[in-house]
Amino acid sequence: QVQLVESGGGLVQAGGSLRLSCAASGRTFSSNTMGWFRQAPGKEREFVAAINWSGTSTSYTDSVKGRFTISRDNAKNTVYLQMNSLKPEDTAVYYCAATPRSGLSVGAARYDYWGQGTQVTVSS
């Protein structure tokens, strides 16, 4: 069992930066693939980024490549999403997710544990 709590969201102007954190509880955190998803009003939840258990492999959706970076610190049971050059279209609720399955899955259905989400709003 893994419990996830996101933080770091807020209001930022276009071009600005935010760093999201996801604190996990549970002894199995270091063996889980971790992902970030987002959901804008009226839209489906979409994949943003994922990182494998060791932090040696990552995956990003095309719209955030070169702007967002996912990382993890297993000693702190925390995964991060550094978001730079933010755009208004990045506005959404951002969710942290975890799965014990191997591989960097982009499908939300493959993640077993979810946080409550943190709001990111980018103004133009």
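For clarity, every value in this text was computed on a predicted model and none was experimentally measured. Atom set for the values below is all heavy atoms of this structure, side chains included, hydrogens, waters and symmetry mates excluded.
Note that OH of Y94 is 10.5 Å distant from OG1 of T118, once rounded to the nearest 0.5 Å. A distance of 11.5 Å separates OG of S31 from CG of N52, quoted to the nearest 0.5 Å. Atom OH of Y111 sits about 10.0 Å away from atom CG of N32, to the nearest 0.5 Å. Within the model, atoms CD of Q13 and OG of S123 stand 5.0 Å from one another, a figure rounded to the nearest 0.5 Å. One finds the SG atom of C96 at 3.5 Å from the CE atom of M34 (value rounded to the nearest 0.5 Å).
There is no path of hydrophobic side-chain contacts, each under 4.5 Å, that joins Y95 to Y113. Linking Ile, Leu, Val, Met, Phe, Trp and Tyr whenever their side-chain heavy atoms come within less than 4.5 Å puts L20 and V2 in one cluster. Note on L81: it clusters hydrophobically with V64, by side-chain heavy-atom contacts below 4.5 Å among ILVMFWY residues.
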| message | Pair V79, I70 - check side-chain contact (heavy atoms from CB on, under 4.5 Å), show working. | response | CA-CA 7 Å; V79 63; I70 188 171; 4.0 Å; yes
| task | Show your working on salt bridge (charged side-chain N to carboxylate O under 4.0 Å, His left out) between D62 and K65 and close with a plain yes or no. | result | CA-CA 5 Å; D62 286 345; K65 284 181 181 177; 3.0 Å; yes
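Of all non-hydrogen atoms in I51 and R72, the two that sit nearest each other are O-NH1, 3.7 Å. Minimum heavy-atom separation, S59 to F47: O-CZ, 3.7 Å. Here the closest heavy-atom approach between residue P88 and residue S124 is recorded as CG-CB, 3.9 Å. Across all their heavy atoms, T91 and V122 have their closest contact at OG1-N, 2.9 Å. In this structure, Q116 and V5 approach most closely via the heavy-atom pair OE1-CA, 3.8 Å.
Under a 3.5 Å cut-off, the side chain of S30 and the backbone N or O of N74 do not form any donor-acceptor pair. The main-chain N or O of K76 is found under 3.5 Å from a side-chain atom of T78 such that the two form a donor-acceptor pair.
Counting only heavy atoms from C-beta outward, the side chains of S17 and Q82 approach each other to under 4.5 Å. With contacts defined as side-chain heavy-atom distances shorter than 4.5 Å, the pair V120/M83 qualifies. Residues R19 and Y80 have side chains in contact (heavy-atom distance under 4.5 Å, counting atoms from C-beta outward). Counting heavy atoms from C-beta outward, D112 and P100 have side chains that approach closer than 4.5 Å. By the 4.5 Å heavy-atom criterion applied to side chains, V48 and F68 are counted as neighbours. E6 has its side chain within reach of W36: a pair of non-hydrogen atoms, C-beta onward, lies under 4.5 Å apart. Considering only heavy atoms from C-beta on, F37 stays 4.5 Å or farther from E46 through its side chain. Using a 4.5 Å heavy-atom cutoff, the side chains of K43 and R38 are not in contact.
Remark: E44 CD is loosely packed, at most 12 non-hydrogen atoms of other residues, nucleotides or ligands lying under 6.0 Å away.
A donor-acceptor contact under 3.5 angstrom links the side chains of S25 and Q3, judged on distance only.
Because its NZ or CZ atom is both nearer than 6.0 Å to the ring centre of W114 and within 45° of the ring axis, R45 counts as a cation-pi partner of that residue.
Screening L86, N84, L11 for a side-chain contact (heavy atoms from CB on, under 4.5 Å) involving L18 leaves a single residue, L86.
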